[in-house]
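As structure tokens, the structure follows; a few thoughts come after it.
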Amino acid sequence: MVNSLPLLEGDKQMSENTPMISTQNLTMRFEVKAGLFSPRKHITAVDNVNIAIYEGENVALVGESGCGKSTLGRLTLGLLKPTEGSVFYYGKNIWQMSKEEFRDFRKSAQIIHQNPYNAINPMRKIADTLLPPILKYKIAKNRDEAWEKAKELLCMVGLSPPEDFLNRYPARMSGGQMQRILIARALSVNPKYILADEAVSMLDASLRIGVVDLLLDLQKKFKVSYLFVTHDFGIARYFVAKGGGRVMVMYLGSIVEIGPGEEVIQNPIHPYTRTLISAIPIPDPVETRKRGIPPLRSLDIPSLTELPPGCKFSDRCPYASEVCMKKHPELKEVNGRLVACHKAEEFL
Ligand SMILES: Nc1ncnc2c1ncn2[C@@H]1O[C@H](COP(=O)(O)OP(=O)(O)OP(=O)(O)O)[C@@H](O)[C@H]1O
Ligand SMILES: [Mg+2]
């Protein structure tokens with residue numbers, strides 16, 4: 001087992017299989033410069049992260065903007081090389097793979113981007129977006145077969161009649177239709193793992209639920225695992241309520257809570273998770289009071305270049321005490337999940 005985290009009950013069953021994707025002490029630092037003459041500084045966008053994602057599993061990764069979700073997601077796909085630590089695909093370090101193995105891995109691990117207008121060439125017909133990966137990875141023998149496969153995929157994502165869409169240019173399509181094209185393209189190469197990075201954030205609220213439903217329906221057909229990245233706990237809640245799976249909560253580069261989705265949402269333990277969840281609008285004022293957490297000590301997210309010593313949440317956390325200011329809390333098992341908080345037991 002490459003993951004050094006303690007195993008939870010739910011994980012024990014799954015651990016009989018090697019995780020599909022796992023990370024070990026995964027760290028990504030970037031150099032940042034505020035101005036031409038300012039000194040160079042480093043930020044740690046992903047800070048010593050150990051996670052595992054199993055075959056066919058749903059994982060929602062939630063956290064505020066800039067906390068490192070996309071960087072972590074891109075590291076798990078091999079789109080970025082970590083500064084330190086490792087990413088494993090079925091136990092094999094992806095950066096020690098042969099060229100062929102890495103190519104197979106890249107085919108099996110796909111991404112659905114946030115903004116389809118950036119991800120799809122506006123000058124090309126949809127056929128020219130969908131066919132190349134099908135041909136490149138030899139999913140189809142020739143262009144005619146690839147055309148048929150693309151038609152099948154378009155029907156699956158609800159774009160019909162498919163010929164009409166294959167011959168269209170992006171300008172003649174809505175945001176929701178374009179997002180469906182991205183989903184079709186990701187699925188076209190028969191992946192096993194899909195990073196959906198804010199895949200519904202750009203869509204109108206009325207369309208978001210429909211696209212999440214589509215992703216979950218397709219999961220049954222294609223048996224993929226999703227890392228569903230979002231800054232919106234409301235949509236993460238919908239994703240795990242409908243599809244099942246786990247929630248991972250990220251704060252300034254660190255994972256602060258991991259657990260079964262419904263349980264984390266109904267009964268969050270980490271003060272940061274509780275803050276995020278109490279921000280989800282709900283119609284019932286009694287329920288809102290029950291969830292309440294004292295006001296944060298600061299509304300400002302600290303800069304990644306000037307993190308507080310000890311727990312990164314300590315300068316905002318209403319419960320922080322001396323130990324929190326001094327000592328970094330590691331993830332530890334608390335009540336069937338993993339929580340990085342010195343005071344976690346007090347919140348049960
Ligand atoms: N290539 C890069 N060079 C320098 N800094 C980067 C780079 N990519 C990301 N960062 C920084 O790393 C931090 C984490 O960024 P990341 O995009 O992973 O966050 P995020 O949680 O996905 O945010 P959002 O919700 O806005 O998408 C940010 O401070 C960002 O500015
Ligand atoms: Mg992002």
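For ligands, and for the atoms within them, numbers begin at 1 and follow the listed sequence. Computed over heavy atoms, backbone and side chain alike; hydrogens, waters and symmetry mates excluded.
The contact set between ligand 1 and Ser65, taken as ligand atoms under 4.0 Å from a residue heavy atom, comprises 23 (O), 24 (P), 25 (O), 26 (O). Atoms of ligand 1 lying under 4.0 Å from any heavy atom of Glu198, numbered from 1 in the order shown and given with element: 25 (O). Atoms of ligand 1 lying under 4.0 Å from at least one heavy atom of Gly66, given by number and element, are 13 (C), 14 (C), 19 (O), 20 (P), 21 (O), 23 (O), 24 (P), 25 (O), 26 (O), 28 (C). The contact set between ligand 1 and Leu304, taken as ligand atoms under 4.0 Å from a residue heavy atom, comprises 13 (C), 29 (O). Residue-ligand proximity, Ser70 to ligand 1, at heavy-atom distances under 4.0 Å covers atoms 17 (O), 18 (O), 20 (P), 22 (O), 27 (O).
Remark: Glu64 engages Arg316 in a salt bridge, criterion side-chain N to carboxylate O under 4.0 Å.
The side-chain heavy atoms of Leu61 and Met250, taken from C-beta on, include a pair separated by under 4.5 Å. Side-chain contact check for Ile51 versus Val59: every heavy-atom pair is 4.5 Å or farther apart.
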- Item | Full working for side-chain hydrogen bond (donor to acceptor under 3.5 Å, both in side chains) between Tyr90 and Glu55 | CA-CA 9 Å; Tyr90 288 109; Glu55 224 171 66; 2.4 Å; yes
- Could you walk me through whether Tyr89 and Thr76 pass the side-chain hydrogen bond (donor to acceptor under 3.5 Å, both in side chains) test, one step at a time? CA-CA 9 Å; Tyr89 180 60; Thr76 65; over 6 Å; no
- Show your reasoning for whether side-chain hydrogen bond (donor to acceptor under 3.5 Å, both in side chains) applies to Lys149 and Ser188. CA-CA 8 Å; Lys149 169 89 185 167; Ser188 68; over 6 Å; no
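Between Tyr272 and Tyr251, the ring planes lie tilted relative to each other; the angle falls in the 30° to 60° range. Ring pair Phe102/Phe105 is tilted by interplanar angle, where 30° to 60° counts as tilted.
When distances from atom 12 (O) of ligand 1 to the protein are checked, a heavy atom turns up under 4.0 Å.
Under 4.0 angstrom from ligand 1, the non-hydrogen atoms of Ile43 all belong to its side chain.
Of the polar atoms of Phe30, none of the N or O atoms is found under 3.5 Å from an N or O of ligand 1, judged by distance alone.
The shell of residues lying under 4.0 angstrom from ligand 1, judged by heavy atoms, excludes Gly63.
For atom 25 (O) of ligand 1, the closest non-hydrogen atom on the protein side is Lys69 NZ, 2.9 Å. Here the protein heavy atom with the shortest distance to atom 19 (O) of ligand 1 is Gly68 N, 3.2 Å.
Distances from atom 15 (O) of ligand 1 to the heavy atoms of Thr44, Thr71, Val46 show the closest one on Thr71.
Under 2.8 Å from the Mg ion (ligand 2) lies an N/O/S atom of Ser70, whether from backbone or side chain.
The 12-atom threshold is exceeded at CD of Glu31, counting heavy atoms of other residues, nucleotides or ligands nearer than 6.0 Å.
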